[in-house]
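Order of listing sets the numbers, starting from 1, for every ligand and every atom in it.
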Amino acid sequence: MKEQTKIIHSIPSDPLTGAISVPIYQTSTFVQEAPGVHKGFDYSRTNNPTRKALEDLIAVLESGTHGFAFASGLAAIDTVVKTVLSAGDEIVAIDDIYGGAFRLFSMVYSQFGVNIKYVNTQDLAELEKAFTPQTKLVWIESPTNPTLKISDIEAIANLAHKHGALLGVDNTFATPASQNPLKLGADVVIHSATKYLGGHSDLIAGLVVTSSPELAEKIKFIQNASGNILSPFDSWLVIRGIETLHLRMKQHALNAFEVARFLETHPKVKNVYYPGLTSHINHEVAKKQQRYFGGIVSFSLKTDTIDAATSLVTSTKLFKLAESLGGVKSLCCHPASMTHKSIPAEMRQQSGISDSLIRLSVGLEEAEDLVADLAQALQNV
Ligand SMILES: *Cc1c(COP(=O)(O)O)cnc(C)c1O
């Protein structure tokens, strides 16, 4: 069966009533026949039927065996850290990391005696040098935010395992419609379902998937112990978003490619970052591990200043200036002053986030209109 068919039919109809849409079980508790005798649900922090439908669904999508839903993408990452690491352990993380993950690792977990090293994981030799006997987790995103760097997931999984560490992949940008890290050897995958999985800019949610029964048992324990769970209503919204994931990702990628090609030839544009362009440094690796190249395009200006970037992001009409990505409506953002503000300037520059870098979340409008919008905005720079 093809992927899109499999996804749609992995969403169960309600066994009780036949409802074709998953019911929203808006309940805190479940009536028991006798102490401990119940229908598999006792308290909604521990388990809820609507959340379970989403958790089972994301496990199928990522070709894993166990899925878990959390209140946000960061709550999902937080749970993985709590599952895998103890004081004295070390994370080797990608240098071009999502700002919120950087803040969590460096400003929260460092307090608890967990060490963090940031490396350029595009360079396997550099990555190999970073391992110590304390390294328990390698953490990557591919493509990264916002410069769309690609890391070779299969090669990194092999390296991590050789050094006795696990590999965690933040698959938010690619989505399971495009890339399945567990199939490439990763041990755990997380998503900010806030982005493409939800797909409509109307919720905050996070997901974790693994195929390891031991990891799954610990994740389940932490999920229940910490209580960072996703609500029944938001679980339902994510399920509804996932129904059209394939369709949306196909169109996001087509539109993004058109936008990237336009920017590449524009005289005021310095660099364009899009893994689907043959000029992208990791195009071949992206081609090997992704089915689509995604909907995010970043670019810098020849006038590499915050002012130039500001005039552009305040001149677009269809691209709305906002954080986040992955929704139906196109968005633009200025990482240096918005999403990546919490990353020290020096580290930001090193990972290619120049002052004029602009990130586009290319939506589902007509590509022609999006290109025209960028063309008029670039005139103002
Ligand atoms: C948004 C995002 C997160 C964090 O997710 P939230 O749902 O906002 O907590 C993590 N990783 C990536 C790549 C993201 O884009």
* Asked: Do the non-hydrogen side-chain atoms of Arg240 and His200 ever get within less than 4.5 Å of each other?
  -> no
* Asked: Is any side-chain heavy atom of Met338 closer than 4.5 Å to a side-chain heavy atom of Leu321?
  -> yes
What's the shortest distance from [atom] to any protein heavy atom, and which residue and atom give it?
| atom | answer |
| --- | --- |
| atom 3 (C) of ligand 1 | Tyr98 CE2, 3.3 Å |
| atom 2 (C) of ligand 1 | Lys195 NZ, 2.5 Å |
| atom 7 (O) of ligand 1 | Thr194 OG1, 2.6 Å |

With respect to [X], determine whether any N or O atom, backbone or side chain, lies less than 3.5 Å from an N or O atom of ligand 1.
| X | result |
| --- | --- |
| Glu141 | no |
| Ile190 | no |
| Ser192 | yes |
| Gly73 | yes |

* Does CD belonging to Glu368 count more than 12 external heavy atoms closer than 6.0 Å? -> no
* Number the atoms of ligand 1 from 1 as they appear, then name those within less than 4.0 Å of a heavy atom of Ala205, with their elements. =>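 Selected atoms, number and element: 7 (O).
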* Asked: Which of the numbered atoms in ligand 1 are below 4.0 angstrom from a heavy atom of Asp170?
  ->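 Result: 10 (C), 11 (N), 12 (C), 13 (C).
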* Determine whether the aromatic ring centres of Phe105 and Tyr118 lie less than 6.0 Å apart. =>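 Not close enough - the centres of the two rings lie 6.0 Å or further apart.
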* To do: Tell me whether the centres of the aromatic rings in Phe293 and His283 are closer together than 6.0 Å.
  => yes
* Would you say Gln122's side chain and Ser151's backbone share a donor-acceptor pair under 3.5 angstrom? -> no
* Asked: Side-chain donor-acceptor pair under 3.5 Å between Asp187 and His161, yes or no?
  ->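 On atom types as modelled, these side chains qualify, holding a pair under 3.5 Å.
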